[in-house]
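One structure is given below, encoded as structure tokens.
From a predicted model like this one, the values you see are computed outputs, not experimental measurements.
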Amino acid sequence: MNFRARLTAAFVLTMFVTLSFAGRISVAAELTGTAEERLKNDLKYLADDKLEGRGVGTEGLNLAADYIKDQFKAAGLDVTALDGDAFQKFTMVTGTKLLENNSLKFVGPEDKTIDLKLEEDFNVCSFGGSGKFSGEIVFGGYAINAKEASYKDFGDVDVKGKIVIVMRRTPQQANHKSPFASGHGVSRHASIQAKVSVCSTAGAAAILFVNDPHSVESETEKAIDSANNAVVKVAREISKMEPPDKAFSDTRNKLNAALERVSSAHGDAHTGGFDTLMKFGYAGNGKDGAIPVVHISQAKCDELLKLALKKSLADLEAEIDTDLKPRTQVLEGWKVTGETSLERVRTEVKNVIGVLEGEGPLADETIVVGAHYDHVGMGGDGSLAPGVIEVHNGADDNGSGTVALIEIARQLAARKQPLPRRVVFIAFTAEEKGLIGSAKYVEKPLFPLEKTIAMFNMDMVGRLRENKLTVFGVGTSPTFKDDVTRLGEAAEFKLSLKPEGFGPSDQSSFYAKKIPVLHFFTNTHSDYHRPGDDWEKINFNGIQRIADLFRDVVIHTAETQKRPEYLEVAGTADTQRQGSRPYFGSIPDFSGEGEGYAISGVSPKSPAAKGGLKGGDRIVQFGESKVADLSDFDLALRNFSAGDEVDVTVLRDGQRVKLKVTLAKPR
């Protein structure tokens, strides 16, 4: 059977199956062009470079919001339900600003002082906090608490209320058999966040990061080798020439430039030029209440250590490497006085909402149809192309879901017969920052959640290959699996059906509120969260077919007299590998900005559920580790194994509640 015959047969079969329990829509004449043409036009705009990758905090994201609102309005949706507008607005932290009054000084015996200059001897770190600090100084090694390596920098020295000097990276970097060696990447103990978490848990008043000598020496050797190689290359060119001629003169100039590179590299090595301070903004933004963090130069650190301990940083590093024993110690007689001044930058963002009212006795019940429209902007945090500052257009993620959302809105609004239930179309913002837009909606819904009967979501539906379509959430209501199977197979999809309602997209926010959900997805690819995710690589026929299937599921749900029954499904679906950390089962609430790691719920029958945690809790302590956010929680969790019983302290209704949780095997 040729393609056209198969397509015709599929269309007829889909018509028959859908009409048997839903009724096919009648597309109005005012829809101009084909669905594929409309989808392509929409995506070419949303994935254009001028929209700046639709990053949170960019003007490009605002342009995308305006476009979606205009398309909703043109389709016939009500875009005035939110106090006369389509925008559900809220603010979130999108950056950190360095203010004035940043200083640092070491004060020693007999009023000996070492002054440090901003941007020369120290930089303030954006992920730290603001405030004045002073106190005793502790050399804290690498600030590592590694149970698996029997290594604990703060094991015998109390750093509470003290200022801690912390080396970056890990011990024994030149030893591939070191317990900190990692065959698949950098050790988790090397991360800045891990070190900050260890220091905060131990009660440190501030952190002074310093580059480890091994890394600086390695960068120095690379630079000198590169410069030497340049000289050798040009010298060989000269040896083959017959002077005097222009080529000889030009090559001699190249040699002089190469010699200058060698001289510069050796000079930088001598003056510590390869000891690069972290620039402000590196490693992201912190939270209000974080302890101050600065990055100091090796030169100033060595000046202090030689006066206080008669040793250099390299000496201490070598001692630790020799026997893998911490060298944590108080710098007797020395104190720090300093101040950091930062301001968190908050930006207004918005969900875009259009409403299609139903008609009849069930018109007060709501189906939410959603897709997030933000992406990762110019790269950086969230990008899988490290160091690349280039527009990430996110045509598939999630321009594809957004244009499918718009197209479904057009077609459902064009029906001659209104649906029996209300359909609310939502383009969510800040999904890439942690489902924040959908979390804000369920916190302040436009229509009551108790009358929201289902939420259907699309995220990355633009790379359909071999007709393979994954649908999550089919176990969240008794009829979903049969409904999706019947429609999907009729449309010749090769379905992969997943029961879980919790997963890495906006449906999770609704499932946490006990609302049945479905989530459509065509899988990741090599352009995921990289600059190559452009509209030219999109399968527009695939988006159209998925949108048709999605639309028919919405129609069937809207026209079925009985609302979908909510079912609990244990576990969390994920499109990415989770690694070897033990299973806990909490569902993050990314809309919360207060103390600790806020959760919106727990997976049924998970360790968290069995331990008594529930939605609304804020985890502030996990074992011995203080928890300020999800990153702290993740790092603390990795210190344990399946089967371990862990004390977990949560804030619940303003009170601290201590619970015990037995961790399960990784999932």
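- Electrostatic pairing of Asp629 and Lys287 does not count as a salt bridge here, judged by no charged N lying under 4.0 Å from a carboxylate O.
- Between Gln88 and Leu82, the closest heavy-atom pair is N-CD1, 3.6 Å.
- In this structure, CE on Met458 lies 9.5 Å from CD1 on Ile546, to the nearest 0.5 angstrom.
- Between the side chains of Arg465 and Asn539, not a single donor N or O lies within less than 3.5 Å of an accepting N or O.
- Distance check: Phe87 CZ to Thr429 OG1 gives 11.0 Å after rounding to the nearest 0.5 Å.
- Salt-bridge annotation for Lys514 and Glu568: present, with a side-chain N of the basic residue lying under 4.0 Å from a carboxylate O of the acidic one.
- Residues Val620 and Val650 have side chains not in contact (no heavy-atom distance under 4.5 Å, counting atoms from C-beta outward).
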Chi angles and distances behind the salt bridge (Lys or Arg N to Asp or Glu O under 4.0 Å) call for Lys498, Glu500:
CA-CA 6 Å; Lys498 307 293 185 181; Glu500 299 89 354; over 6 Å; no
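- Ala64 and Leu51 get closest at one heavy-atom pair: CB-CD2, 3.8 Å.
- Of the possible donor and acceptor atoms, none in the side chain of Asp534 sits under 3.5 Å from a partner among the backbone N and O of Glu536.
- At distances below 3.5 Å, not a single donor-acceptor pair connects side-chain atoms of Arg421 with backbone N or O atoms of Glu365.
- Not less than 6.0 angstrom separates the ring centroid of Tyr373 from the ring centroid of Phe428.
- Residues Ser505 and His519 have side chains in contact (heavy-atom distance under 4.5 Å, counting atoms from C-beta outward).
- Remark: Arg551 engages Asp548 in a salt bridge, criterion side-chain N to carboxylate O under 4.0 Å.
- Taking 4.5 Å as the limit, every side-chain heavy atom of Asn457 sits out of range of all side-chain heavy atoms of Val517.
- Annotation for Lys73: atom NZ does not count as buried by contact number, only 12 or fewer foreign heavy atoms lying within 6.0 Å.
- Between atom CG of residue Leu39 and atom OG1 of residue Thr34 there is a gap of 8.0 Å, rounded to the nearest 0.5 Å.
- A donor-acceptor pair shorter than 3.5 Å can be found between the side chains of His372 and Asp397.
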For a salt bridge (Lys or Arg N to Asp or Glu O under 4.0 Å) check, start with the C-alpha distance between Arg530 and Asp533, then their side-chain angles and the critical distance, and finish with the verdict.
CA-CA 6 Å; Arg530 294 178 175 88; Asp533 186 7; over 6 Å; no
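- Remark: of the listed residues Ile406, Val403, Val79, Ile426, Ile406 is the sole one forming a side chain to side chain contact (heavy atoms under 4.5 Å, CB included) with Ile68.
- A donor-acceptor pair under 3.5 Å is absent between the side-chain atoms of Lys350 and the main chain of Phe90, judged by distance alone.
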Lys468 vs Asn523, test: side chain to side chain contact (heavy atoms under 4.5 Å, CB included). Steps then yes/no.
CA-CA 9 Å; Lys468 294 178 180 179; Asn523 220 326; over 6 Å; no
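- For the residue pair Tyr528 and Asp396, no side-chain donor N or O sits within less than 3.5 Å of a side-chain acceptor on the partner.
- Asp459 meets the salt bridge (charged side-chain N to carboxylate O under 4.0 Å, His left out) test with no other residue; sequence neighbours excluded.
- Counting only distance, with no hydrogens or angles, the side chain of Arg344 and the backbone of Gly95 share no donor-acceptor pair below 3.5 Å.
- Side-chain N or O atoms of Thr485 include none that pairs as donor or acceptor with a backbone N or O of Asp482 at under 3.5 Å.
- In summary, the side chains of Thr522 and Arg463 do not present any donor paired with an acceptor at a separation below 3.5 Å, with no hydrogens or angles considered.
- For Lys44, there are no salt bridge (charged side-chain N to carboxylate O under 4.0 Å, His left out) partners two or more places apart in sequence or in a different chain.
- A donor-acceptor pair under 3.5 Å is absent between the side-chain atoms of Ser508 and the main chain of Pro504, judged by distance alone.
- In this structure, CD on Glu492 lies 13.5 Å from CG on Leu469, to the nearest 0.5 angstrom.
- The six-membered or imidazole ring of Phe502 lies away from that of Phe472, with a centre-to-centre distance of 6.0 Å or more.
- Looking at heavy atoms from C-beta onward, Phe425 lies out of side-chain contact with Ile353 at the 4.5 angstrom threshold.
- In this structure the side chain of Ser586 reaches within 4.5 angstrom of the side chain of Phe633, judged on heavy atoms.
- For the residue pair Ser477 and Pro516, the shortest heavy atom distance occurs at CB-CB, 4.0 Å.
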Step-by-step salt bridge (Lys or Arg N to Asp or Glu O under 4.0 Å) determination, Asp85 to Lys69:
CA-CA 9 Å; Asp85 201 356; Lys69 174 185 173 180; 3.0 Å; yes
Run the side chain to side chain contact (heavy atoms under 4.5 Å, CB included) test on Ile587 and Ile599 for me, step by step, so that the C-alpha distance in whole Å, both residues' side-chain angles and the decisive distance to 0.1 Å come before the verdict.
CA-CA 5 Å; Ile587 308 302; Ile599 64 173; 5.7 Å; no
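- For an aromatic pair to be called close, the ring centres must be under 6.0 Å apart, and Tyr597 with Phe622 fails this.
- A salt bridge does not link Lys494 to Glu466: none of the charged side-chain nitrogens sits closer than 4.0 Å to a carboxylate oxygen.
- In summary, the side chains of Asp48 and Asn393 do not present any donor paired with an acceptor at a separation below 3.5 Å, with no hydrogens or angles considered.
- One N or O on the side chain of Asp632 and one on the backbone of Ala628 form a donor-acceptor pair closer than 3.5 Å.
- Across every non-hydrogen atom of Gly501 and Gln507, the tightest pair is O-CG, 3.5 Å.
- Closest heavy-atom contact between Ala547 and Ala404: CB-CB, 4.3 Å.
- Between the side chain of Asn285 and the backbone N or O of Val93 there is no donor-acceptor pair closer than 3.5 Å.
- Between the His392 side chain and the Gly394 main chain, no donor and acceptor come within less than 3.5 Å of each other.
- Taking CZ of Arg54 as the start and CG of Leu46 as the end, the distance is 6.0 Å to the nearest 0.5 Å.
- Side chains of Phe520 and Phe456 form no contact here, defined as non-hydrogen atoms less than 4.5 Å apart.
- In this structure, Met455 CE and Leu518 CG are separated by 10.0 Å, a value rounded to the nearest 0.5 Å.
- Counting all heavy atoms, side chain and backbone alike, Ala414 lies closest to Leu31 at CB-CD1, 4.2 Å.
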Could you walk me through whether Glu595 and Arg618 pass the salt bridge (Lys or Arg N to Asp or Glu O under 4.0 Å) check?
CA-CA 7 Å; Glu595 180 182 359; Arg618 288 180 172 273; over 6 Å; no
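- Put simply, the side chain of Asp42 does not reach to within 4.5 Å of the side chain of Glu37, judged on heavy atoms.
- For Gln621 (side chain) and Thr649 (main-chain N/O), no donor-acceptor pair under 3.5 Å exists by modelled atom type.
- You'll find the side chain of Lys451 stays beyond 4.5 Å of the side chain of Thr366, heavy atoms only.
- A donor and an acceptor atom, one from each side chain of Glu431 and Asn398, are nowhere located under 3.5 Å apart.
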Decide yes or no on side chain to side chain contact (heavy atoms under 4.5 Å, CB included) for Ser606 and Tyr583, but give the supporting numbers first.
CA-CA 8 Å; Ser606 66; Tyr583 177 53; 3.6 Å; yes
